[in-house]
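Have a look at this one.
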Amino acid sequence: MDYQQKQSPPFNESSDSKVSRKYIHDDLAFYVLSKLTIKSLKRFGCVRKSWYSLFDDSDFMALFRNHFISHHNSDDHHHTFLFIYLRDCADREYAELRLLDSRIKLNLPPPFLEDDRFLSILGKTSVNGIFCIGHRGNRNKVRYVLWNPATEEFVNIPPSPDEVMSKHPLLGVFHKFHGFGYDQLRDDFKVIQYVSFDTYGCVGYDLDSPPPQGIMYNSFFEIYSLRNNSWKILHIDDMSLSIVGNAFTGDELYTDGACHWLVKGRIHDTIALMSFDLSHEVFFTTPIDERSELDYGQLAVLNGSIAFIINHDNNNIFHISILGELGVKESWIKLFIYGPVPSIEWSLIGFGNKGYIFFKKKDDELAYVDLSTQIIEELGVNGEDCYCKIGIYKESLLSIRGSSN
């Protein structure tokens, strides 16, 4: 007789027990799901009804927030940088770049050793270990230098054609930085700026009159390619949205191959995230589901994700939403509500390593708050009458010019 036929099963398995063996307990499921990205978690919502409403479950959101904050780049190559523009006791102005976690002061590249006035670290992060430094000179001209502190390599970016062509003597040209990032398809660094024109209030000069030969009156975007070492004009089809930002206010940010800005519609003050794909050189928008004055909102990169922080009515209660997927309005998730904190001044300076939020207190001391503990710590730096920027710097020994070098 066949051996298998002689044996009795160790237990009688009913249909209910078969189902139970395939069932995942909610506690285990929540633990696993809390480690997913927002985009993946949204997609898992269609698997089970209880998973669809996870973002409304306070216990699950506590797990998700804890993992989101603790999941950060903590290796030795990631640093929080502080760029600060100061005035000393002799009323001299100068700039400093410090790594807060290692307490190292970085020397600025040679182009700025003798003249470090009106400098800014552009964007909210280094890109592949590279900083883009802007210098505002006479007549609002902006000079750009790409710099790798780890190798001390730097590249001066040439002026755009509109700066070197012959212009009417009464026509002023203004440049505003709007983005710096990396084209992953072409191994290329790119810089975006906005060019506008003004007559400096000269009497009798009409912008509606025919322009001098070779001069454009219409404002436009232009983009520089390091690989091609050249500038070219960009075209935006939808001008119903207004770019909000200035070369030295830090409203722009870069992450995952795209530059991003806050924009507002010309009608009803709608708020959106405008993004520019550096590889395909196209603009697209993601609506933001917030109703507030744009002056109380700002963008940041929090642990690799795009964050929108808003301070409703200047009440020092900070609402932090994280974007799960570009172009999808429903993928914004309000992850943190922090405050009120009467001692904090709006707006925030930026986010550093470990998700720390940096800000200036009303007594001008620079400080940060750890979102996981909500404890505020001072940096020992007084920020009175100075310009500050906080961001993430990741060391890299690669050449700025990459494979094109």
Side-chain angles (χ1 to χ4, degrees), residues 32-45 54-55 60-75 77-81 123-128 179-182 184 245 250-263 271-279 284-290 297-311 318-338 347-359 368-372 374 389-394:
V32 175
L33 292 171
S34 69
K35 297 182 181 299
L36 296 179
T37 63
I38 293 175
K39 180 179 179 180
S40 298
L41 196 54
K42 285 280 188 178
R43 293 179 176 178
F44 268 87
L54 283 176
F55 290 109
F60 173 78
M61 288 306 296
L63 278 175
F64 188 83
R65 279 191 292 266
N66 288 338
H67 178 262
F68 185 88
I69 289 298
S70 62
H71 184 66
H72 58 80
N73 295 315
S74 59
D75 59 68
H77 298 290
H78 288 80
H79 306 276
T80 300
F81 75 79
K124 289 183 167 65
T125 183
S126 67
V127 179
N128 295 2
F180 163 62
Y182 180 66
Q184 302 174 24
D251 291 321
E252 74 293 334
L253 61 84
Y254 166 87
T255 184
D256 293 333
C259 296
H260 311 276
W261 309 268
L262 278 181
V263 297
I271 304 174
L273 173 76
M274 175 174 274
S275 304
F276 179 75
D277 186 321
L278 287 160
S279 296
F284 57 96
T285 59
T286 305
I288 297 176
D289 191 17
E290 286 282 0
Q298 65 185 84
L299 290 177
V301 176
L302 176 56
N303 285 3
S305 298
I306 296 174
F308 176 67
I309 307 108
I310 195 162
N311 177 16
F318 306 106
H319 299 249
I320 304 175
S321 298
I322 304 298
L323 180 63
E325 185 173 0
L326 285 170
V328 182
K329 177 182 179 181
E330 293 75 19
S331 70
W332 287 103
I333 297 298
K334 186 166 290 186
L335 206 55
F336 299 98
I337 299 178
Y338 179 71
S347 61
L348 305 178
I349 300 175
F351 284 88
N353 213 2
K354 303 181 182 179
Y356 292 167
I357 305 179
F358 290 80
F359 54 89
Y368 68 89
V369 60
D370 182 344
L371 283 175
S372 61
Q374 300 192 3
K389 180 167 288 190
I390 289 282
I392 300 296
Y393 164 58
K394 180 181 179 181

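When reading the values below, keep in mind they use all heavy atoms of this one structure, side chains included, and skip hydrogens, waters and symmetry mates. Index from 1, following the sequence.
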**Message:** If you define the side chain from C-beta out and look only at heavy atoms, does anything of Leu278 sit under 4.5 Å from Tyr254?
**Reply:**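 Of all side-chain heavy-atom pairs linking Tyr254 with Leu278, at least one is under 4.5 Å.
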
**side chain to side chain donor-acceptor pair (under 3.5 Å) against Asp370, all qualifying residues, sequence neighbours excluded** =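 Side chain to side chain donor-acceptor pair (under 3.5 Å) check on Asp370 returns Ser372.
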
**Message:** Once side-chain contact (heavy atoms from CB on, under 4.5 Å) is applied, do any residues pair with Gln374, and if so which ones, sequence neighbours excluded?
**Reply:**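 So Gln374 forms a side-chain contact (heavy atoms from CB on, under 4.5 Å) with Tyr338.
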
**Request:** Go through the structure and list residues passing ring-ring contact (aromatic ring centres under 6.0 Å, His included) with Tyr356, not counting sequence neighbours.
**Result:**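 Scan of Tyr356 (ring-ring contact (aromatic ring centres under 6.0 Å, His included), adjacent residues dropped) gives Tyr368.
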
**Item:** ring-ring contact (aromatic ring centres under 6.0 Å, His included) involving Tyr182 - partner list, sequence neighbours excluded
**Value:**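 Phe189.
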
**Asked** Are any of the side-chain heavy atoms of Leu262 and Ile288 separated by less than 4.5 Å?
**Response**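 Contact flag for Leu262/Ile288 side chains = yes.
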
**Request:** For Thr286, enumerate each residue passing the side-chain contact (heavy atoms from CB on, under 4.5 Å) test, keeping only those at least two apart in sequence or located in another chain.
**Result:**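 Listed in chain order: Leu273, Leu323, Leu326, Trp332.
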
**Asked** Are any of the side-chain heavy atoms of Leu299 and Glu252 separated by less than 4.5 Å?
**Response**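 Counting from C-beta outward, Leu299 and Glu252 never come under 4.5 Å.
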
**Any residue meeting side chain to side chain donor-acceptor pair (under 3.5 Å) with Ser126, in chain and number order, not counting sequence neighbours** =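 If we apply the side chain to side chain donor-acceptor pair (under 3.5 Å) test to Ser126, skipping adjacent residues, there are no hits.
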
**Reported NZ-to-CZ distance for the pair Lys394 and Phe81, which is rounded to 0.5 angstrom** =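 Going from NZ on Lys394 over to CZ on Phe81, the span is 15.0 Å.
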
**Message:** According to side chain to side chain donor-acceptor pair (under 3.5 Å), who are the partners of Asn128, at least two apart in sequence or on a separate chain?
**Reply:**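 Here no residue qualifies.
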
**Asked** What residues, two or more places apart in sequence or in another chain, satisfy side-chain contact (heavy atoms from CB on, under 4.5 Å) together with Thr255?
**Response**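 side-chain contact (heavy atoms from CB on, under 4.5 Å) check on Thr255 returns Leu253, His260, Val301, Ile306.
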
**Message:** I'd like to check Leu302 versus Leu335 (side-chain heavy atoms, cut-off strictly below 4.5 Å). Are they in contact?
**Reply:**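 The answer is no, as the side chains (C-beta and beyond) never meet within the 4.5 Å cut-off.
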
**Item:** Residues in ring-ring contact (aromatic ring centres under 6.0 Å, His included) contact with Phe276, at least two apart in sequence or another chain
**Value:**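 Partners of Phe276 under the ring-ring contact (aromatic ring centres under 6.0 Å, His included) test: Phe283.
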
**Item:** Partner residues of Phe351 under the ring-ring contact (aromatic ring centres under 6.0 Å, His included) criterion, sequence neighbours left out
**Value:**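 By the ring-ring contact (aromatic ring centres under 6.0 Å, His included) rule, Phe351 matches no residue at all.
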
**Prompt:** Atom CD in Gln184, atom CG in Asp256: separation rounded to 0.5 Å?
**Reply:**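 Result: 7.5 Å between the selected atoms.
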
**Asked** Do Thr125 and Ile392 have side-chain heavy atoms sitting under 4.5 Å apart?
**Response**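 Counting from C-beta outward, Thr125 and Ile392 do come under 4.5 Å.
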
**Request:** Kindly give the heavy-atom pair with the smallest separation between Ile322 and Ser305, and that separation in Å.
**Result:**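 Heavy atoms only, the tightest pair is CG2-CB, 3.5 Å.
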
